[in-house]
Amino acid sequence: MLYVVSASYDPDVNGISLKLYNDETEKIEVWVDSSFKAYFLTKMKPSLNWKSIVKKELVTKYDALRDKDVKVWKVTVNNPSAVKNSHNINDARENHIKFFQCYIYDKDIKMGMPYLRRNGNLEFQPNQESESRIQEILSQFKELDKDEQDMFEKWASLLEYPAPDFKRASLDIEVMNKDENKVPNPETAILPVLTACISTNRGERIAYVLIQEGKTVNKIPDNVDKIIFFTEEDKLLLSVFNKMNEYPFLITFNGDDFDLRYLYYRALRLGIPELKIPIIVRERICMLKRGIHIDLYKFFSIKAMKIYAFKAKYKDEKLDTVAKALIGKGKIKGEEKWMAKMSYHDLIKYCMNDADITLELTTYNNDLVINLIIMLERISRLPIENVSRKSVSSWIRSFMVYEHRQRNILIPTPEEIKAVKGQTASTAIIKGKKYKGAIVVIPISGTHFKVLVLDFASLYPSIFKVYNLGYSTINCPHEECKSNTIGELPHWICKKNRALESLLIGSLRDLRVFWYKKKAKDKFLDKKLKTWYSVAEQSIKVIMNASYGVFGSEKFSLYCPPVAEEIAAIARYIISKTIKKAQSLGMNVLYGDTDSIFVKDPPKEKLDELVKWTQDEFGIEFEVDKAYKYVCLSGRKKNYLGVTTRGEVDVKGLTGKKKHTPPIIKSAFNETKKLLKEVETPEQMEVTKKKISSLIKGVYKTFKNREWENMEDLSFNVTVTRELDEYKKTTPQHVKAAKMLQAQGYDVEAGTNISFVKTNKKVSGGVTVKPVKLAKREEVDVNKYIEFLKSTFEQILEPLDISFSEDIIGIRSLKDWL
DNA sequence: GCGGACTGCTTACCT
DNA sequence: ACAGGTAAGCAGTCCGCG
């Protein structure tokens with residue numbers, strides 16, 4: 001079987017080149033098609049003398065903004081760059097869609113799906129087992145109309161078809177460094193590559209090592225199968241390239257910006273001809289001539305991925321952090337930062353470990369990550385290289401454009417949408433935001449036993465579905481729809497046509513709720529299939545959670561703020577009505593945020609009544625999401641701790657959990673969590689409260705007596721989100737510390753995490769903050785730490801009715817004592 | 001010159 | 001480069017203070 005994994009423009013044949021993965025030979029094959037020509041559309045007749053034009057024809061498209069057919073000129077040109085240049089032509093449209101994307105959309109190429117070569121054609125190859133499962137799904141949704149049935153079939157086939165076991169290798173290199181605080185520059189590539197390690201899912205672990213003067217081999221690291229030594233660096237690189245060519249997929253961590261880029265420029269510098277280098281270097285990415293390069297750093301940095309698929313388990317996107325969070329393995333910690341000084345043993349071991357964990361990030365949990373990428377490739381209809389690097393908005397744009405093309409709908413321009421649909425009508429609570437968002441109920445502070453959390457399943461996507469929302473249906477052109485308003489906003493919604501977004505997002509949402517969520521928990525399925533279903537479920541979740549937000553984002557090509565605003569408004573309407581109903585049933589609503597409510601020990605029959613009422617009223621499933629033994633609500637919004645009936649501790653928004661909090665306070669917080677985990681009854685809580693008090697008292701004394709073990713335990717860890725000279729308005733503490741580091745020759749760039757301690761002005765020469773690396777014990781401002789300890793723990797001490805000053809420190813006023 | 005009240009900036013979080 | 005809402009701490013500004 002041939003799986004389509006990539007598509008790109010090939011200038012040599014002025015056509016499209018598809019990369020196909022052959023799961024029998026485990027090699028990439030290429031399919032070239034030069035019959036497809038680039039084109040764009042325009043409403044005005046293009047002048048005759050534009051020399052790139054091959055053909056122009058008048059075609060009919062459906063204008064969804066105005067609900068009528070329009071005639072537009074389809075202008076075919078002799079090569080894709082002419083489409084790029086069409087911005088000179090008045091009213092050129094659909095000219096921003098890349099050539100290879102046009103090919104995929106117009107020819108309906110199913111990315112990531114199985115094909116076969118037959119009679120000189122590339123034909124989709126149906127799979128009987130998958131097709132019968134799809135029929136099973138469809139039989140569950142019989143009551144739906146034709147459009148919806150078709151969408152279900154389309155989505156389901158993308159997610160039900162199996163994926164092959166992709167043969168792949170991971171690569172990591174170590175380069176000689178002159179300055180331990182600086183990363184070698186890949187563009188100049190002046191320093192030699194000391195070692196390259198390749199680890200593969202076909203059982204190879206090979207280290208390519210450059211022989212360095214004065215070093216001897218005394219010990220072979222235990223994580224390699226084969227070590228090849230080279231006296232000449234160019235031979236080393238060529239061997240690495242050969243091995244790379246044996247594998248259709250190459251996995252790196254930051255290979256776009258470092259490993260592959262370095263190898264390419266280093267090879268050129270050593271006189272290796274371009275032809276023999278398998279790498280193509282672009283401005284921001286590195287690709288392979290024959291294979292597919294996946295840069296996991298890019299993939300794990302995709303915000304939606306991080307939050308929805310991996311539940312923000314990793315706090316930054318470094319290999320060490322991601323690997324520790326997902327597979328429980330990290331980089332090898334070493335004292336030595338000078339690669340050149342490391343023994344062969346240490347160098348190889350370090351490098352191979354990186355290659356190993358990089359590979360394992362794609363293999364753990366039955367190839368979860370690679371399967372996630374394949375499913376997103378299928379849903380978005382983008383090549384692997386794009387889907388693994390670009391953000392969720394480009395995935396959504398991609399399948400939206402595909403659906404427009406398939407249905408012969410003219411794709412509206414952002415200007416048009418803005419002009420026809422108008423602006424927002426609500427005022428945001430936060431200054432500078434475009435419209436009003438969700439409701440957060442003020443929580444009732446205190447420790448509450450027996451609390452249920454109820455929530456709406458995928459509220460915002462459900463609103464798309466139920467209320468028929470999309471750019472075409474909001475403020476539609478029909479007079480008779482103008483009365484169809486919901487809630488507080490003046491926008492009306494079309495009653496005549498179904499919005500494309502409503503159909504696409506709605507069907508995806510139903511498929512997730514009624515099929516994949518159930519299948520992912522099905523005990524009777526074998527493990528592999530179960531994980532596959534859970535990955536399908538997760539990939540839908542990622543797309544859906546972003547689907548509302550993109551319509552409120554200027555960067556999105558179908559940006560339509562009234563749609564986003566209306567969805568938020570309907571959500572407020574739904575949750576407020578639900579809270580009122582719950583209260584009218586006598587329930588005690590303690591808290592609520594956006595799509596959920598916390599209820600104190602509701603009687604079963606009242607609960608059932610509320611659930612039924614919401615289903616009837618809004619057509620959206622409202623169900624018990626969590627049951628807490630007890631919840632400590634701090635009185636602040638988005639800020640609580642709860643212990644579920646299964647004994648899991650949920651911490652939301654508390655400072656003790658935040659990544660900038662010093663480790664010493666964090667670990668005290670985690671100890672507190674352990675104590676709270678065991679509490680079953682209000683009586684036990686009284687005992688635990690005493691334990692917590694003495695625990696915090698211990699930390700307090702550690703500060704007071706300056707008895708902490710390491711300075712690192714005191715460090716605040718804050719990210720500089722931009723380059724240092726871009727802080728124009730204020731200079732926050734972490735930036736001050738960052739500047740001190742920079743002055744010492746450290747690399748500080750956007751995204752660097754700064755570890756600093758708070759210092760005493762009088763002791764530290766007028767400085768209130770210092771990088772932990774440069775700070776001395778006696779400079780620490782212990783009072784600042786005690787203040788921070790206080791405010792961190794007050795978030796749970798208050799609901800537990802413990803006073804920091806009186807019960808922990810044992811005085812009436814903290815200030816007096818200080 | 002220094003503090004308190006205030007606003008705004010910045011980061012990390014929640015849904 | 002999916003949205004808006006929230007907590008927290010600090011930077012910077014203004015004003016009063018004989």
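Computed over heavy atoms, backbone and side chain alike; hydrogens, waters and symmetry mates excluded. What you see is a predicted model; the values in this text were computed from it and never measured. The sequence lines fix the lettering, A, B, ..., with proteins before strands; numbering per chain opens at 1.
Residues A/Val720 and A/Val651 both approach DNA chain B. Their nearest nucleotides, taken by heavy-atom distance, put A/Val720 toward the 5′ side. Where A/Glu726 and A/Phe598 each meet DNA chain B at their nearest nucleotide, the meeting point lying more 5' is that of A/Glu726.
Using a 4.0 Å heavy-atom criterion, one finds that A/Arg397 contacts no nucleic acid atom at all. Note on A/Tyr308: a base of the nucleic acid sits closer than 4.0 angstrom, heavy atoms only. When heavy atoms are screened at a 4.0 angstrom cut-off, A/Asn545 is found touching base atoms of the nucleic acid. Counting non-hydrogen atoms under 4.0 angstrom, A/Ile429 reaches the backbone sugars and phosphates but no base. Nucleic acid contact class of A/Ala428 (heavy atoms, under 4.0 Å, all strands): sugar-phosphate only. At a threshold of 4.0 angstrom between heavy atoms, the contacts of A/Ser547 with the nucleic acid are absent. Using a 4.0 Å heavy-atom cutoff across all strands shown, A/Tyr727 reaches sugar-phosphate atoms only and no base atom. Looking at heavy-atom distances under 4.0 Å, A/Gly549 makes contact with a base. Here A/Thr731 lies in heavy-atom contact (under 4.0 Å) with sugar-phosphate atoms only. Across all strands shown, A/Lys736 has heavy atoms under 4.0 Å from sugar-phosphate atoms exclusively, and none from any base.
At C/dA8, one or more side-chain N or O atoms of A/Arg636 fall inside 4.0 Å of OP1 or OP2 (strictly under the cut-off). Between C/dC10 and A/Lys758, a contact under 4.0 Å exists linking OP1 or OP2 to a side-chain N or O. Within the structure, every side-chain polar atom (N or O) of A/Thr721 is placed at least 4.0 Å from both OP1 and OP2 of B/dT10. Side-chain nitrogen and oxygen atoms of A/Lys431 include at least one within less than 4.0 Å of the OP1 or OP2 phosphate oxygen of B/dG8. At the phosphate of B/dC14, OP1 or OP2 sits under 4.0 Å from a side-chain N or O atom of A/Lys657. Dashed line: the shortest gap from a side-chain N or O of A/Gln733 to OP1 or OP2 of B/dT11 is not under 4.0 Å.
Ring geometry, A/His404 versus A/Tyr471: the interplanar angle falls under 30°, so the pair is classed parallel (tilted spans 30 to 60°). Using the six-membered ring where Trp is involved, A/Phe716 and A/Phe756 have ring planes that are parallel, under 30° apart on the 30 and 60° scheme.
The nearest whole Å value for the distance from the NZ atom in A/Lys637 to the P atom in B/dA12 is 23 Å.
No cation-pi contact links A/Arg381 to A/Phe399, judged by a cut-off of 6.0 Å to the six-membered ring centre and 45° from its axis. Taking the ring centre of A/Tyr314 as origin, the terminal cationic atom of A/Lys324 falls outside the region bounded by 6.0 Å and 45° from the ring axis.
Salt bridge annotation for A/Lys517-A/Glu537: absent, with no cationic side-chain nitrogen under 4.0 angstrom from a carboxylate oxygen.
Each of C/dC2, C/dT6, C/dA11 was ranked by its minimum atom distance to the side chain of A/Lys303; first place goes to C/dC2.
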